[in-house]
Protein chains: 2
Amino acid sequence: MDGSCYSPLVREPLGEERARQLAGTLKAVAEPVRLRLLSLIASRADGEACVCELTGAFEVSDATISHHLKVLREAGLIERERRGTWLYYRVRPEALRTIAGALMPAEDGAVPA
Amino acid sequence: MDGSCYSPLVREPLGEERARQLAGTLKAVAEPVRLRLLSLIASRADGEACVCELTGAFEVSDATISHHLKVLREAGLIERERRGTWLYYRVRPEALRTIAGALMPAEDGAVPA
DNA sequence: TCGCTATTTAGATGTATGTCAACTTAGATG
DNA sequence: CATCTAAGTTGACATACATCTAAATAGCGA
């Protein structure tokens, strides 16, 4: 259901179905709070964070954070694990790599001036 | 206004402003028709396509295609050039590279188990 | 200038999305 | 069981967005 190996969209025209899938995943990422949540979780030394460590960093309500985490989770971008009272979230690097790879214009990392 | 050199969001927590910028660009891409437009233009041999070559590939109206092209253009993802009666669109690879680079989880391509 | 064609803009409409307050679920502990 | 805390769900609301039809603009050729 996820298509973990997209070829870059510059190589050949994207099919209708794949475009819908990719757009769905991208929509999950294309929101400021969700981007910061992803970044906040991913940039931790141990790669994980519990909800209580996340809610404080934003000006939106806990319910909204919970909603955004759900969106990210349903898009396959993060996963969670319960340890006692707390839930710990972790980023799924393959998912990030998939969308980054689909957008990357060329394999060689050369950046033109 | 574009911040052409994001460091990946996994490296350090994304600032509020940068998250807003990145999300804005990602929103432009996070739509099936726009993804296919991007792909259709980018995968051309000469790297460009005129509107008349694009409208036929979709089931939406010409006005809608025009709207999506405008969204992509305002996000800095494509540019256009007039030649006679027709407008030719071209992808800006740096823009794609910027968002891909911001999402890429690590420089080395190693996929953890 | 007049009309022809390619593309964009404007206004209208239905759907999707971000947000919050209030309520519920789940685990821990007395 | 009663209660406390962590996190998620529900329902409502306002805003954002994709789409269409109809009208407007911009080059080109006669």
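Below, chain A is the first sequence line, B the second, and so on; all start at residue 1.
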Any donor and acceptor pair, going by atom type alone, linking the side chain of A/R34 with main-chain N or O of A/A28 inside 3.5 Å? yes
Mind checking who D/dG27 pairs with, Watson-Crick or G-U wobble, both distances under 3.5 Å? C/dC4
Given a cutoff of under 4.5 Å between side-chain heavy atoms of I, L, V, M, F, W and Y, with clusters grown through shared members, what are the other residues clustered with A/Y88? A/W86
Residues two or more places apart in sequence or in another chain: which of them pass side-chain hydrogen bond (donor to acceptor under 3.5 Å, both in side chains) with B/R44? B/E53
Please collect all disulfide bond (SG atoms under 2.5 Å apart) contacts where either partner lies in residues 59-96 of chain A, sequence neighbours excluded, each pair once. none
Pairs involving residues 43-80 of chain B, ordered by first then second residue, that meet disulfide bond (SG atoms under 2.5 Å apart) (sequence neighbours left out): B/C50-B/C52
Nearest-0.5 Å distance that lies between atom [atom1] in [X] and atom [atom2] in [Y]:
X	Y	atom1	atom2	answer
A/T25	B/L103	OG1	CG	11.5 Å
A/R36	A/L54	CZ	CG	11.0 Å
B/E16	B/L14	CD	CG	10.5 Å
B/L72	B/I78	CG	CD1	4.5 Å

How is A/Y88 classified with respect to the nucleic acid when contacts are heavy atoms under 4.0 Å: base, sugar-phosphate, or nothing? nothing
Considering every strand and a 4.0 Å limit on heavy-atom distances, what is the contact class for B/F58: base, sugar-phosphate, or nothing? nothing
Who are the side-chain contact (heavy atoms from CB on, under 4.5 Å) partners of [X], not counting sequence neighbours?
X	value
B/S43	A/P13
A/E17	A/R20, A/Q21
B/R82	B/L87
B/S66	none

For A/K27 and A/T85, take the nucleotide of DNA chain D holding the closest heavy atom to each; which residue's nucleotide lies nearer the 5' end? A/T85
What range of DNA chain C does chain B touch, first nucleotide to last, counting atoms under 4.0 Å from its heavy atoms? C/dA6 to C/dT9
Where chain A begins and ends its contact with DNA chain D, read 5' to 3' at 4.0 Å from heavy atoms: D/dA6 to D/dT9
Please give me every residue in residues 64-82 of chain B whose heavy atoms get under 4.0 Å of an atom in DNA chain D, ordered by residue number. B/T64, B/H67, B/H68, B/R82
Between residues 32-52 of chain B and DNA chain D, which residues have a heavy-atom gap below 4.0 Å? B/R34
Between A/R83 and B/T55, the residue closer to the 5' end of DNA chain C by nearest nucleotide is B/T55
